[in-house]
2 protein chains.
Amino acid sequence: MTTSLRSNPTDLPPIPSACLPRPLDAVAAIRDVANDRFSMRSAVGIRRYEPRQMIFEQSQPCRHIFEIIEGTVKLTIALPDGRRQILAVLGPGDLLGLPLGQQHNTSAIAISDVRVKQIARSVFDASLLLQSRAAAQLQKLFLKMQDMIVSLGRRSATERIASYILETAKSGNSDAATPNQPTWSFTLALSQTDLADHLGLTLETVSRELTKLKNHKIIRMSGRNHLEVLDPSGLSEFADNVSHPQTAPNCGTTNEAPEPVFVGRRRRAAR
Amino acid sequence: MTTSLRSNPTDLPPIPSACLPRPLDAVAAIRDVANDRFSMRSAVGIRRYEPRQMIFEQSQPCRHIFEIIEGTVKLTIALPDGRRQILAVLGPGDLLGLPLGQQHNTSAIAISDVRVKQIARSVFDASLLLQSRAAAQLQKLFLKMQDMIVSLGRRSATERIASYILETAKSGNSDAATPNQPTWSFTLALSQTDLADHLGLTLETVSRELTKLKNHKIIRMSGRNHLEVLDPSGLSEFADNVSHPQTAPNCGTTNEAPEPVFVGRRRRAAR
DNA sequence: CGCGATTTTGACGGTCCTCAACTTTTGTGG
DNA sequence: CCACAAAAGTTGAGGACCGTCAAAATCGCG
């Protein structure tokens, strides 16, 4: 969903640098833009993390911002009793630890070997360029989280698994999707345990759902987490009704609805 | 859903909108700031909606931005088969219809009688002031959506209902929380049906959970949707482990974790 | 090869959904 | 103001889905 992958994050729609609750000072902003290249070189360091290492932790003050250079990172929130939810999975180019409040509102944990650029908060605060990228990232995540809410709130385990695979396959992580052989092949970033924490399921359910897809000859798995989609159309049947904004039916055919329109009652879900 | 007929779409000044992402232009921005007050007066109109009326619809092009002056609006996403999810409930001062993509990614529907200020997209795009407010709103929603994801993914029906009531009561909507009489009293913005769509439940489950709380003398309800919290501490026991960032335990006690720290395994949820 | 981490599989049960009928509240028109 | 209809909420019975517990199997890595 929201598949339009823009290579350059800065060309996303306007929501501007005012990503931070700070007084708007356009003149200072211009100066900062000029300094950006310099500042970014000065107060920046590279850090490495191994799988399972924590980059920052929920409710710590956020003193640094990170840019992922290489590897994959998960953002998680943990409830006191140990239940966990993975909010997002980020990769190269993504920014980590955006200062939305005083403290980090999630933990960030390395999934693979990770290299990040560590940027001091002060540098970030002074850089319009970085803040613009942060705003873009925020938007991207925002849209993903919207879809996630719908999934978690309204879709079955089967649908969640299937559409996760579908999206992962489509989002360019797939190795080779040759036109005449429509089988995607890629490596899952998440273990099944993490997948469960991402999709709001248990690891047992994830395993069973994957097995089901294997038995239906929809997917094939080899190695630890290599996955091959044998039957994309079958897969989207399991994923069922994903509403892609771009693919949505009546794009731009109707008006802004200046006229008040009554909305029908909710039909009940039919699983 | 998309069936609604519109009588006369003529009374609305159709504003050709530059719906395209623009590069950040600080100089133009300064000029725009100067013009803000003027522009906001020129291309702005007031609109009214009754309960259940749609303000804009999922996958329509977003040509206007709205500011709620009075009333309550829900943002919803509907799956093709009729399942619905309410993503957010907005009130006075909130902005509606932020252009995150080319099209609206949710529908906006009036819950109560609503008055909104309608702002042309072109005006919005030219106004740094508005965009700054939009960014702030985006952040607020972002944090709420994070909590929502955790709730939907990892918490039981009881917990969701209880913490919804708790948060609504705390968030100032409560009429009178006198210090010596710690009973909150307020009016639910959402019907039970909407509550279900917000919390990822069915209306029957919502009803049963509320009844349960009534039987436990935790809450009392009168009228259609007037709610009184009789036993706040009992309520938070049902809500269980809500981790409020502000109330979180180790605030700033630990470091940014430049030192790699291994994360323990997930403990299984204990309901 | 052996050990820990991860996944698989089975049995069982609880939570919550489904279906359905009924009750209460709200709104409308005579 | 009452009657009636529509909307909203309540309650019960039953069962599906998915979580829980437990144990075996497999993978990966030294």
Side-chain angles (χ1 to χ4, degrees), chain A residues 50-52 81-85 111-113 151-161 187-197 199-215 219 221-227 238 240 262-271, chain B residues 50-52 81-84 111-113 151-162 187-197 199-215 219 221-227 238 240 262-271:
Chain A
E50 296 172 30
R52 303 181 127 273
D81 65 359
R83 285 177 282 179
R84 281 192 198 166
Q85 178 67 43
I111 293 177
S112 60
D113 282 310
S151 263
L152 294 174
R154 287 303 177 203
R155 312 183 73 214
S156 70
T158 307
E159 290 174 316
R160 293 183 212 176
I161 294 278
T187 298
L188 284 173
L190 298 177
S191 69
Q192 291 189 25
T193 303
D194 280 346
L195 207 46
D197 282 341
L199 301 179
L201 304 168
T202 59
L203 68 175
E204 294 95 330
T205 298
V206 169
S207 175
R208 274 187 259 263
E209 291 297 332
L210 288 176
T211 304
K212 191 169 83 180
L213 291 177
K214 284 183 222 163
N215 293 341
I219 63 172
M221 293 185 70
S222 55
R224 206 19 152 205
N225 42 13
H226 185 83
L227 196 149
F238 279 97
D240 217 42
F262 278 94
V263 177
R265 294 199 61 190
R266 173 190 173 215
R267 286 169 290 151
R268 184 180 289 274
R271 292 192 183 164
Chain B
E50 296 172 29
R52 305 181 124 274
D81 65 359
R83 285 176 283 180
R84 280 192 199 166
I111 292 178
S112 61
D113 282 311
S151 264
L152 294 174
R154 288 303 178 204
R155 314 183 72 212
S156 70
T158 307
E159 290 173 316
R160 293 183 213 175
I161 293 279
T187 298
L188 283 173
L190 297 178
S191 69
Q192 291 189 26
T193 303
D194 279 346
L195 207 46
D197 282 340
L199 301 179
L201 303 168
T202 59
L203 69 175
E204 294 95 332
T205 299
V206 169
S207 175
R208 274 186 259 262
E209 291 297 332
L210 288 176
T211 304
K212 191 169 83 183
L213 290 177
K214 284 183 224 162
N215 293 340
I219 63 171
M221 294 184 69
S222 55
R224 206 13 149 217
N225 40 14
H226 184 84
L227 196 148
F238 279 98
D240 217 44
F262 278 95
V263 177
R265 294 201 58 194
R266 174 191 172 213
R267 286 169 290 150
R268 183 178 292 273
R271 289 188 186 167

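Source: prediction; values computed, not measured. Per chain, numbering begins at 1; letters A, B, ... match sequence-line order.
Contact check, B:R52 against D:dA8: a side-chain N or O comes under 4.0 Å of OP1 or OP2. Contact check, A:T205 against D:dG19: a side-chain N or O comes under 4.0 Å of OP1 or OP2. Between A:Q192 and C:dT8 there is a side-chain N or O to OP1 or OP2 distance below 4.0 Å. Phosphate proximity of D:dG9 to B:T193: present, with a side-chain N or O under 4.0 Å from OP1 or OP2.
Atom NZ in B:K214 sits roughly 11 Å away from atom C1' in C:dT24 (whole-Å rounding). Across the protein-nucleic acid pair, A:R155 atom CZ and D:dC18 atom C1' stand 17 Å apart, rounded to whole Å. Counting to the nearest Å, the P atom of D:dG28 and the CG atom of A:L188 are 13 Å from each other. Taking atom CG of A:L152 as the reference point, atom P of C:dC16 lies 15 Å away to the nearest angstrom. Atom CE of A:M221 is separated from atom P of C:dT7 by 8 Å (rounded to the nearest Å). Going from atom CD1 of B:I161 over to atom C1' of D:dG9 covers 13 Å, rounded to whole Å. We find that CZ of B:R154 is positioned 17 Å from P of C:dT15, with the value rounded to whole Å. Regarding B:K212, its NZ atom lies at a distance of 19 Å from the P atom of D:dG9, rounded to whole Å.
The minimum heavy-atom distance linking A:R155 with B:R83 is given by the pair CA-NH1, 3.7 Å.
Contact annotation: side chain of B:E209 to base of C:dC16, donor-acceptor pair absent below 3.5 Å. Below the 3.5 angstrom threshold, one finds a donor paired with an acceptor across the side chain of A:E204 and the base of D:dC21. Side-chain to base pairing of B:R208 with D:dG12: one donor and one acceptor N or O lie within less than 3.5 Å of each other.
Remark: side-chain polar atoms of A:S207 are not paired, donor with acceptor, to backbone N or O of A:L203 under 3.5 angstrom. Using modelled atom types, no side-chain atom of B:R154 and backbone atom of A:Q85 make a donor-acceptor pair closer than 3.5 Å.
For the pair A:T211 and A:R224, nearest-nucleotide mapping onto DNA chain C gives the more 5' position to A:R224. Comparing A:S222 and A:V206 against DNA chain D, the residue whose closest nucleotide sits nearer the 5' end is A:V206.
Note: A:L213 CG to A:T158 OG1 = 7.5 Å, rounded to the nearest 0.5 Å.
In this structure the side chain of B:I111 never reaches within 4.5 angstrom of the side chain of B:P51, judged on heavy atoms. Side-chain contact between B:T205 and B:L199: absent, with no pair of heavy atoms (C-beta onward) separated by less than 4.5 Å.
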Dot-bracket for DNA chain C, 5' to 3', counting Watson-Crick or G-U wobble pairs under 3.5 Å, with [ ] for crossing pairs and | for inter-strand pairs? ||||||||||||||||||||||||||||||
Step by step, work out the side-chain contact (heavy atoms from CB on, under 4.5 Å) result for B:E209 and B:F238. CA-CA 11 Å; B:E209 291 297 332; B:F238 279 98; over 6 Å; no
Worked verdict on A:L152 versus A:R160 for side-chain contact (heavy atoms from CB on, under 4.5 Å): CA-CA 8 Å; A:L152 294 174; A:R160 293 183 212 176; 3.9 Å; yes
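The nucleotide whose nearest atom lies closest to any side-chain atom of B:T202 is, among C:dT18, D:dT10, D:dG9, C:dT18.
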